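In this text the structure is predicted, and so the values were computed from the model without any measurement. Residue numbers start at 1 and run along the sequence shown.
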Amino acid sequence: MIEIYHNPRCGKSRSCLAFLDQSNEDYKIIPYLTETPSFDDLKALLQKLNLEPVQLIRTKEKVWIENYKEKTLSADEVIQAMVDNPILIERPIVIKDGKAIIGRDLDLVASFLD
């Protein structure tokens, strides 16, 4: 089953969800802002994405700029920042068959699901 880390207030996330609806694929929504992933969940997600933790950060978020931007953080500290502030997690994230992508580009999502 497909999973999607979804923020209903995000236009890209809503577009990706609408795309999944049209694709007739079964999926599960992960409302990561209210059901914050654990440190281990994020570490596993990063492996599926094949990204370094900082690559999953929304660096223009106020909380990042005010609290983290000027600091040198280890990978684990960046993951912990996402656990403490899930708004920092880039979205949407689409997971299928043990792999994941950031689903901001619907053409990429379509290729990923094929």
Side-chain angles (χ1 to χ4, degrees):
M1 173 177 291
I2 296 166
E3 296 177 307
I4 177 172
Y5 275 61
H6 176 61
N7 175 352
R9 297 187 68 192
C10 171
K12 294 282 186 185
S13 195
R14 289 191 309 270
S15 294
C16 186
L17 196 60
F19 180 82
L20 290 175
D21 282 337
Q22 293 172 356
S23 71
N24 295 321
E25 299 262 7
D26 288 332
Y27 62 88
K28 174 186 172 191
I29 295 173
I30 300 171
Y32 69 94
L33 293 177
T34 56
E35 296 175 20
T36 305
S38 70
F39 183 93
D40 290 336
D41 290 339
L42 283 176
K43 205 162 189 166
L45 180 60
L46 285 160
Q47 288 178 332
K48 291 174 186 171
L49 287 161
N50 195 29
L51 294 176
E52 292 298 317
V54 76
Q55 293 176 288
L56 193 57
I57 292 285
R58 294 178 55 81
T59 58
K60 293 181 182 171
E61 286 291 338
K62 183 178 179 183
V63 68
W64 179 260
I65 293 166
E66 291 179 354
N67 299 298
Y68 303 102
K69 183 179 179 182
E70 299 301 321
K71 295 181 181 177
T72 301
L73 302 173
S74 69
D76 285 352
E77 289 170 326
V78 173
I79 294 170
Q80 189 60 51
M82 288 186 278
V83 171
D84 295 341
N85 305 279
I87 193 72
L88 293 176
I89 301 170
E90 186 61 79
R91 71 238 177 195
I93 299 170
V94 180
I95 305 163
K96 181 180 179 184
D97 299 331
K99 295 183 181 175
I101 61 163
I102 296 173
R104 297 183 66 78
D105 177 340
L106 294 181
D107 290 336
L108 184 62
V109 174
S111 297
F112 179 72
L113 295 178
D114 283 344

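With a 4.5 Å cut-off on side-chain heavy atoms, Y5 and I95 count as touching. Counting only heavy atoms from C-beta outward, the side chains of R58 and R91 approach each other to under 4.5 Å. Residues K96 and F112 have side chains in contact (heavy-atom distance under 4.5 Å, counting atoms from C-beta outward). Contact of the I29 side chain with the Y27 side chain is registered, since non-hydrogen atoms from C-beta on lie closer than 4.5 Å. Side-chain contact between E35 and I30 is absent, with no heavy-atom pair separated by less than 4.5 Å. With contacts defined as side-chain heavy-atom distances shorter than 4.5 Å, the pair I101/V109 qualifies. Contact of the D76 side chain with the K43 side chain is registered, since non-hydrogen atoms from C-beta on lie closer than 4.5 Å. A heavy-atom distance below 4.5 Å is not found between the side chains of T59 and L88.
Note: N7 CG to L17 CG = 11.5 Å, rounded to the nearest 0.5 Å. Annotation: the span from S15 atom OG to L20 atom CG amounts to 11.0 Å, rounded to 0.5 Å. For the atom pair CD1 (I87) and CE (M82), the distance works out to 13.5 Å, reported to the nearest 0.5 Å. Interatomic distance, CE of M1 versus CD of E25, reported as 10.5 Å (0.5 Å rounding). Going from atom CD1 of I102 over to atom CG of L56 covers 5.5 Å, rounded to the nearest 0.5 Å.
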Self-check item: CA sep, side-chain torsions, deciding dist, call: Q80, D84, side chain to side chain donor-acceptor pair (under 3.5 Å)
Solution: CA-CA 6 Å; Q80 189 60 51; D84 295 341; 2.9 Å; yes
Quiz item: Are L113 and F19 close enough, and set up right, to give a side-chain contact (heavy atoms from CB on, under 4.5 Å), and what steps lead you there?
Solution: CA-CA 11 Å; L113 295 178; F19 180 82; 4.0 Å; yes
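Note on V78: it clusters hydrophobically with F39, by side-chain heavy-atom contacts below 4.5 Å among ILVMFWY residues. At a threshold of 4.5 Å between side-chain heavy atoms, the hydrophobic network of Ile, Leu, Val, Met, Phe, Trp and Tyr places I4 and I89 in two separate groups.
L73 approaches W64 most closely through the heavy-atom pair CD1-CH2, 3.9 Å. The shortest heavy-atom contact between L42 and P37 is CD2-CG, 3.8 Å. A pairwise comparison of heavy atoms in P92 and C16 identifies CG-CB, 3.5 Å as the closest pair. Residues V83 and S38 approach most closely at CG2-C, 3.9 Å, considering heavy atoms.
Using modelled atom types, one side-chain atom of S111 and one backbone atom of D107 make a donor-acceptor pair closer than 3.5 Å. A donor-acceptor pair under 3.5 Å is absent between the side-chain atoms of S13 and the main chain of H6, judged by distance alone.
The number of heavy-atom neighbours closer than 6.0 Å to NZ of K12, taken from other residues, nucleotides and ligands shown, is 12 or below. In the displayed structure, D26 atom CG is contacted under 6.0 Å by at most 12 heavy atoms of other residues, nucleotides or ligands.
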Run the side-chain donor-acceptor check on residues 44-54: report pairs under 3.5 Å with partners two or more places apart or on a different chain.
none

